[in-house]
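See structure below.
Note on naming: letters A, B, ... go to the chains in the order of the sequence lines (proteins, then strands), and numbering restarts at 1 for each one.
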Amino acid sequence: MRPEIAIAAMTEIVTRFAPSPTGFLHIGGGRTALFNWLYARGRAGKFLLRIEDTDRARSTEEAIAAIFDGLTWLGLEWDGGPVHQFARAARHREVVEQMLSSGNAYRCYASAEELTEMREKARAEGRSKLYDGRWRDRDPADAPAGVQPVIRLKAPLTGETVIEDQVQGRVTWQNENLDDLVLLRSDGNPTYMLAVVVDDHDMGVTHIIRGDDHLTNAARQKQIYEALGWSVPVMAHIPLIHGPDGAKLSKRHGALGIEAYRAMGYLPEAMRNYLVRLGWAHGDQEIFSTDELIKAFDLAAIGRAPARLDLAKLDNLNGHYIRQMADQDLVTEIEKLLPHLPNGAELAGKLNPALRAKLIAAMPGLKERAKTLVELIESARFLYADRPILLDDKAKALITPEARSLLGSLTRDLAMVDPWSAQGAEAAVRAVAERSGVKLGAVAQPLRAALTGRTTSPGIFDVLAVLGKAESLARLGDQAIG
RNA sequence: GCUCCCUUCGUCUAGCGGCCCAGGACGUCGCCCUCUCACGGCGAAAACACCGGUUCGAGUCCGGUAGGGAGCGCCA
C-alpha cells in the first residue's frame, strides 16, 4: 500500500490495456479494459492502449480493428495513439544488450532437444524449474559453432520474489523455483515477458491491472524489472470470468466478441454496469452512472474469486437502462444498431421521418416491455408491418366469430371518434364492451390481435393513438364483419 | 506432476471478531395493480464447503481436508 501512495503523490496514474490482436475483443478483455479505464479516469490519470502484436503469424488487422471498435462502443476512450509492440523491437533488443553487458543476462546455446530432455527430467523429479542453467556461468568460448543463442535472464538463485498485489494480496515465490527465462529468441526477437516490461516502463505505466492468468508472469516480470533497476508498477490481478457452468469461458457461452453483445441489443452503459459489478462491489449499490463508477471504483474492493457470467442479470440491467433512456435517443440507438443486425434491412429500408415519429411516440409503451434493443425492434414491428397484418397463432385464436362482430361494432364506433386520441378511443372501446355486456378484455384482446397481430403489446389505447385513425380502422376492417 | 490463487443463497455480492438465528440485487414462486404482456408494489423459499484450533465470542483470525481455477514454451 505504501508504494502506491508514494507514486500517486509524485506522478500521475497511468494504466494500460494490452490485448494481443489474435481474435476478437472478448468480454473478459472488455472488463479488464473497463477497470483500467475507470481507475485512471477516477484519478485524473491516463489510460493507454498497447497492441501486443509481436506474434506476427497470429496477429491480424481485423482483430486490431475489432479491439478499437469494441473499446469505442463501450465508451472507453484511450489516451494517445495506440502503441504497437512489434514496432518497438529495436528498443527491446537494446535493453537486452544492456542486460548482457551488465551481467544480468547471458547467452544460452542449449538445443531444442536438450531443452526437452531437461523438461522431462524436471517433471519426472517433481521439480518446477525446467531449465537447469547450464550456460549460466559457462565460458562463451565453449559456444558451439553455427548456433544462434537465445539470451536468458540471470535470475536470482536464492531468496524470494514477492508481489504486493492490490487484489490478491502478498504473493510469494521461492526464487529456486523460478528458472532463467528467455528474453531474446535466437532469431533476435524479444519474448513477450521482456517486451511487456520494457513497454510498460517506457510508457510510464504505474498500475498494471490485468487478468489473473498473468499472476505467475508477474513474478518473472518483477525479476526483469529488478535486473534493470527499474521501479515495479503497482499490480492488480483480477479474477477471470467463467461461463455459467463455472468452467472457463468457451466459445459455447460468453467468449463472444463484444461486438456480439452489441448485436444482441445491449446498451454500452448496461454492459459497463454489469461488467463492473462482476467481481467488484460498492456496498449494496447495483446501478451506477458512469460518473458514480469513476468516483467509486477502487482496486481494494475487487473480489478474489472468479465470477460466472449471468445473462439474465445483464438483461435486467439492460432493461433498466432502456426504460430510463429518452425516447428519441432510443430510436437513434435502434438506427445505429440496424446495420449490425442480420435482418436489420427491413426496418432500415422503411425508416422514413413519419415512421421515426411513430416509433418515438410509441417508445413510452414499448420500452418498459423490452430487455434489449432487439426486442424493442421486434415489439415495434406492428408499427412498420404492411397490411394486412400477419397474425401469429395465438392472435388468430382470438379472432372468433363473436370477436369479429365485436370488431365490427368497434369499427363503427371508432369511426366517430374525433379528434383521434387515446382517451377518445378508450371511451369508444369501453362503450362497445358495456353495450355488448362483456368485459373490457373480451373486446381489447381481439382488438389487439387485429391491430398488432399479437396477443401482447403496449396498452391498446396507446396503440390506437400511435397507429392513427385511418390505419387503425383499416386493420380493424381486415378482421371485422358487419 | 510442480508453482501460485480461490471457496457466503441457483447467480453477482455485502460482511473487514460481537450490530448476522447473515443484508441487497438478479432469477424463481405467490399476491396486488391491470385490456394483454411488461413496469411498479408487497411477500416467500434460498447461502457462511468441511474439520480442527485461537477467543468470553468466528462468516470474519490460524491450520488442515475437499473442491475449483490459473500458470508451467525461443505463445501472448
Using side-chain heavy atoms (C-beta onward) and a distance below 4.5 Å, is [X] in contact with [Y]?
| X | Y | answer |
| --- | --- | --- |
| A:Ile27 | A:Leu256 | no |
| A:Leu115 | A:Tyr131 | yes |
| A:Tyr39 | A:Asp298 | yes |

May I ask you to say what [X] touches in the nucleic acid, namely base, sugar-phosphate or nothing, with a heavy-atom cut-off under 4.0 Å?
| X | value |
| --- | --- |
| A:Arg58 | base |
| A:Glu52 | sugar-phosphate |
| A:Ala110 | base |
| A:Val150 | base |
| A:Asp315 | nothing |
| A:Thr54 | sugar-phosphate |
| A:Leu184 | nothing |

Tell me the interatomic distance from [X], atom [atom1], to [N], atom [atom2], rounded to whole angstroms.
| X | N | atom1 | atom2 | value |
| --- | --- | --- | --- | --- |
| A:Tyr274 | B:A25 | OH | P | 17 Å |
| A:Phe288 | B:G24 | CZ | P | 17 Å |
| A:Arg31 | B:U13 | CZ | C1' | 13 Å |
| A:Arg56 | B:A76 | CZ | P | 12 Å |
| A:Asp180 | B:C72 | CG | P | 17 Å |
| A:Leu181 | B:G73 | CG | C1' | 11 Å |
| A:His282 | B:A25 | NE2 | P | 17 Å |
| A:Glu113 | B:G73 | CD | P | 17 Å |

(request) For the pair A:Thr452 (side chain) and A:Arg454 (backbone), establish whether a donor and an acceptor sit closer than 3.5 Å, ignoring hydrogens and angles. (result)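 Yes, the answer is positive, given that a donor and an acceptor are paired below the 3.5 Å cut-off.
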(message) I'd like to know if the side chain of A:Asn36 and the backbone of A:Thr32 have a donor-acceptor N/O pair within less than 3.5 Å.
(response)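 Yes, because the side chain of A:Asn36 sits within donor-acceptor range (under 3.5 Å) of the backbone of A:Thr32.
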(request) Calculate, to the nearest 0.5 Å, the distance between atoms CD1 and CG belonging to A:Ile334 and A:Asp329 respectively. (result)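 Atom-to-atom, A:Ile334:CD1 and A:Asp329:CG are 11.5 Å apart.
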(request) Rounded to the nearest 0.5 Å, what's the gap from CG on A:Asn104 to CD1 on A:Ile151? Could you check? (result)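 Nearest 0.5 Å value for the CG-CD1 distance: 12.5 Å.
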Listed pairs, N/O of protein and of nucleotides 1-5 of chain B, under 3.5 Å:
residue, atom, partner, partner atom, Å
B:C2, O2', A:Ser128, OG, 3.4
B:U3, O2', A:Trp173, NE1, 3.4
B:C5, O2', A:Gln168, OE1, 3.1

(request) Validate the cation-pi geometry between A:Arg56 and A:Phe86: distance from NZ or CZ to the six-membered ring centre under 6.0 Å, angle to the ring axis within 45°. (result)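 Judged by the rule (NZ or CZ under 6.0 Å from the ring centre, within 45° of its axis), A:Arg56 counts as positioned above A:Phe86.
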Does any nucleotide pair with [N] by Watson-Crick or G-U wobble geometry, both distances under 3.5 Å, and what is it?
| N | result |
| --- | --- |
| B:U65 | B:A49 |
| B:U36 | none |
| B:C26 | B:G10 |
| B:C2 | B:G71 |
| B:C19 | none |

Whole-angstrom distance between [N] and [M], as gauged at atom [atom1]:
| N | M | atom1 | value |
| --- | --- | --- | --- |
| B:C16 | B:C61 | P | 11 Å |
| B:C35 | B:G43 | P | 25 Å |
| B:U60 | B:A14 | P | 15 Å |
| B:A22 | B:G59 | P | 11 Å |
| B:A44 | B:A49 | P | 25 Å |
| B:A70 | B:G27 | C1' | 29 Å |
| B:C50 | B:U36 | P | 47 Å |
| B:U7 | B:G64 | C1' | 15 Å |

(request) Go through the side-chain N and O atoms of A:Arg448 and A:Gln445 and say whether any donor and acceptor fall under 3.5 Å apart. (result)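 Present: a donor and an acceptor within the cut-off.
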(message) Closest approach to the side chain of A:Ala305, judged atom by atom: which nucleotide of B:U7, B:A76, B:U11 is it?
(response)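 It is B:U7.
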(message) Tell me if the centroids of the rings in A:Trp280 and A:Phe297 come within less than 6.0 Å of each other.
(response)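 Ring-ring flag for A:Trp280/A:Phe297: true, centres closer than 6.0 Å.
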(message) One character per nucleotide, please: for nucleotides 26-38 of chain B, 5' to 3', B when the base has a protein heavy atom closer than 4.0 Å, S when only the sugar-phosphate does, - otherwise.
(response) SS-------BBBB
(request) Taking only Lys NZ, Arg NE, NH1 and NH2, and the carboxylate oxygens of Asp or Glu, determine whether A:Asp413 and A:Arg435 approach each other closer than 4.0 Å. (result)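 Result for this pair is yes, salt bridge flagged.
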(message) Looking at every heavy atom in both A:Leu240 and A:Asp212, which two are closest together, and how far apart are they?
(response)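 Looks like CD1-N, 3.7 Å.
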(request) Look at the side chain of A:Asp284 and the base of B:G23, then say whether one donor and one acceptor between them are separated by less than 3.5 Å. (result)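 When only heavy-atom distances are counted, A:Asp284 does reach the base of B:G23 through a donor-acceptor pair under 3.5 Å.
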(request) Report the residue (A:Leu240 or A:Pro149) whose heavy-atom-nearest nucleotide on RNA chain B is the more 5′ of the two. (result)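 Its nearest nucleotide lies further toward 5', so the answer is A:Leu240.
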